[in-house]
Amino acid sequence: IEGPASQNQIVANLVSANAGVGIHITGAGADSNTVDLNAIGLDPSQSLDRGNASHGVQIDSGAKNNRIGSAVNLGNHIAGNDNDGIHIQGVGTDGNQMYGNLVGLDFNRFNAVPNSWGGVTLLFGPKGNTIGTLGAGNTLSGNGVVGVYLFGTGTSQNTIRGNRIGLAAGDGVIGNAQGGIRILADADLNTVEGNVVSGNGGPGIELLGPGLAGGAIFDNLIGRDAADLVDRPNNGAGIRIADGVLGAEVTSNIVRANIGPGIHLAGGSTSGTLVFDNTVTGQTGDGIALDGAAGNVLGGIAPDQPNDVRG
């Protein structure tokens with residue numbers, strides 16, 4: 001779909017084994033299109049890899065306000081593609097929304113059918129995009145690198161909300177190979193809210209500088225199943241903020257049972273982070289670790305905002 005094509009619907013197609021992108025929405029004016037109920041990168045049973053040779057879905061070059069999965073029961077099944085499951089790129093590619101998609105697993109959520117890089121990736125300037133919402137999140141599991149990846153100057157004010165990242169059927173996990181959520185390289189002021197991030201092959205949530213203005217990380221469950229009953233550790237810190245991140249806010253998260261510190265602030269130029277009202281229990285490393293980081297605040301000003309840190 002090329003701009004100015006707008007308000008089109010792509011519904012219930014099988015889009016697989018193509019030599020490039022599966023579904024591509026591109027250019028100024030390619031706005032308010034809807035992509036629902038498609039199988040992208042799979043065979044007709046939605047169990048076997050028949051990946052497209054690039055991204056499953058790509059939105060770029062100023063396309064705005066498109067929906068990839070327009071409601072909880074209208075999501076797409078995107079797996080097996082040779083790059084990202086969903087890829088959003090470029091300045092002006094704003095206001096796109098992703099709801100209810102299954103990205104990186106087979107239809108029954110028992111096995112990985114990985115997209116080779118990320119479940120959802122935002123690069124080089126898109127703003128105001130929404131990856132999931134409470135009650136209509138995406139399942140982003142089993143992918144070759146990370147569940148969600150945000151990178152580059154201007155990639156800001158995006159929201160990652162209400163997703164299951166690393167979880168499979170029931171209380172099982174099929175983690176993303178290198179971590180759950182990774183935000184870096186001047187991707188400033190993004191919000192990570194209300195996700196379950198567990199069982200991944202690296203840190204659960206990771207912010208990396210230098211110079212990244214951190215944004216807010218709150219109300220996430222990290223290292224357990226969605227009911228907070230069974231340990232499903234990430235293979236690294238639950239939350240890692242490092243390499244010169246400035247001014248993040250980490251609040252009201254439940255961080256349990258990860259292989260490493262629960263919350264890890266690292267690097268001398270990592271400063272201005274507020275860490276309060278978190279529950280941090282049962283890690284293999286420290287509950288909260290400061291590794292050279294300076295000028296950060298642990299605990300809130302109000303008496304009802306302490307961190308609860310226990311073994």
Only pairs at least two apart or in different chains count here, so list each side chain to side chain donor-acceptor pair (under 3.5 Å) that has a residue in residues 239-251.
->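 Sorted pair list: E206-R240.
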State plainly whether one hydrophobic cluster holds both [X] and [Y], where clusters connect Ile, Leu, Val, Met, Phe, Trp and Tyr through side-chain heavy atoms under 4.5 angstrom apart.
X    : Y    : answer
V21  : L123 : no
L167 : I254 : yes
V250 : V309 : yes
I86  : I23  : yes
Y99  : I181 : no

Thinking salt bridges, do R256 and D228 make one under a 4.0 Å N-O criterion?
->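 Salt bridge flag = yes for D228 with R256.
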Evaluate side chain to side chain contact (heavy atoms under 4.5 Å, CB included) for T191 paired with I160, printing each intermediate quantity in order.
-> CA-CA 6 Å; T191 297; I160 305 164; over 6 Å; no
Should [X] and [Y] count as side-chain neighbours, where that means a heavy-atom distance under 4.5 Å?
X    : Y    : result
I165 : V196 : no
H55  : N115 : no
I59  : I68  : yes
T121 : F151 : no
L246 : L212 : no
V146 : V148 : no
L150 : V120 : no
L14  : P44  : yes

Remaining members of L105's ILVMFWY cluster at a side-chain heavy-atom cut-off under 4.5 Å?
-> L102, I174
Picking from N200, V255, I259, what satisfies side chain to side chain contact (heavy atoms under 4.5 Å, CB included) with N234?
->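 The single option meeting the side chain to side chain contact (heavy atoms under 4.5 Å, CB included) with N234 is N200.
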Give the minimum heavy-atom separation between [X] and [Y], together with the two atoms involved.
X    : Y    : answer
D84  : N81  : O-CB, 4.2 Å
A248 : V245 : CB-CG1, 4.3 Å
A294 : S271 : O-CB, 2.9 Å
N108 : A169 : O-CB, 3.7 Å
R164 : A226 : NH1-CB, 3.5 Å
D31  : G62  : OD1-O, 4.1 Å

Audit row: N253, T279, side chain to side chain contact (heavy atoms under 4.5 Å, CB included) steps and yes/no | CA-CA 6 Å; N253 301 284; T279 299; over 6 Å; no
Using side chain to side chain donor-acceptor pair (under 3.5 Å) as the criterion, point out the one residue from N158, N66, T93 that pairs with N129.
->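 Answer after filtering N158, N66, T93: N158.
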In terms of heavy-atom contacts, does CD of Q9 have more than 12 from other residues, nucleotides or ligands at under 6.0 Å?
->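 Not buried by this count: 12 neighbours or fewer within 6.0 Å.
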Does F218 CZ have over 12 foreign heavy atoms under 6.0 Å away?
-> yes
I'd like to know if the side chain of [X] and the backbone of [Y] have a donor-acceptor N/O pair within less than 3.5 Å.
X    : Y    : result
N38  : A12  : yes
S198 : G223 : yes
N190 : T159 : no
N76  : A39  : no
N307 : N278 : yes
D225 : V230 : yes
K127 : T155 : no
Q283 : T281 : yes
N220 : N195 : yes
N176 : N143 : yes

Between [X] and [Y], is any side-chain donor less than 3.5 angstrom from a side-chain acceptor?
X    : Y    : result
Q46  : H77  : yes
D60  : H87  : no
T34  : D36  : no
D106 : S47  : no
R161 : T130 : no

So L207 and I217, side chain to side chain contact (heavy atoms under 4.5 Å, CB included) or not? Walk me through it.
-> CA-CA 10 Å; L207 272 58; I217 300 171; 3.6 Å; yes
Atom pair [atom1]/[atom2] of [X] and [Y] - distance to nearest 0.5 Å:
X    : Y    : atom1 : atom2 : answer
Q305 : F276 : CD    : CZ    : 5.0 Å
S141 : N111 : OG    : CG    : 12.5 Å
T153 : D186 : OG1   : CG    : 4.0 Å
S16  : D49  : OG    : CG    : 9.0 Å
S116 : N83  : OG    : CG    : 7.0 Å
L140 : N163 : CG    : CG    : 5.0 Å

Mind running side chain to side chain contact (heavy atoms under 4.5 Å, CB included) on I1 and H24 for me, showing each step along the way?
-> CA-CA 6 Å; I1 298 176; H24 193 183; over 6 Å; no
Determine which pairs satisfy salt bridge (Lys or Arg N to Asp or Glu O under 4.0 Å) with at least one residue from residues 277-290, sequence neighbours left out, and list them in order.
-> none
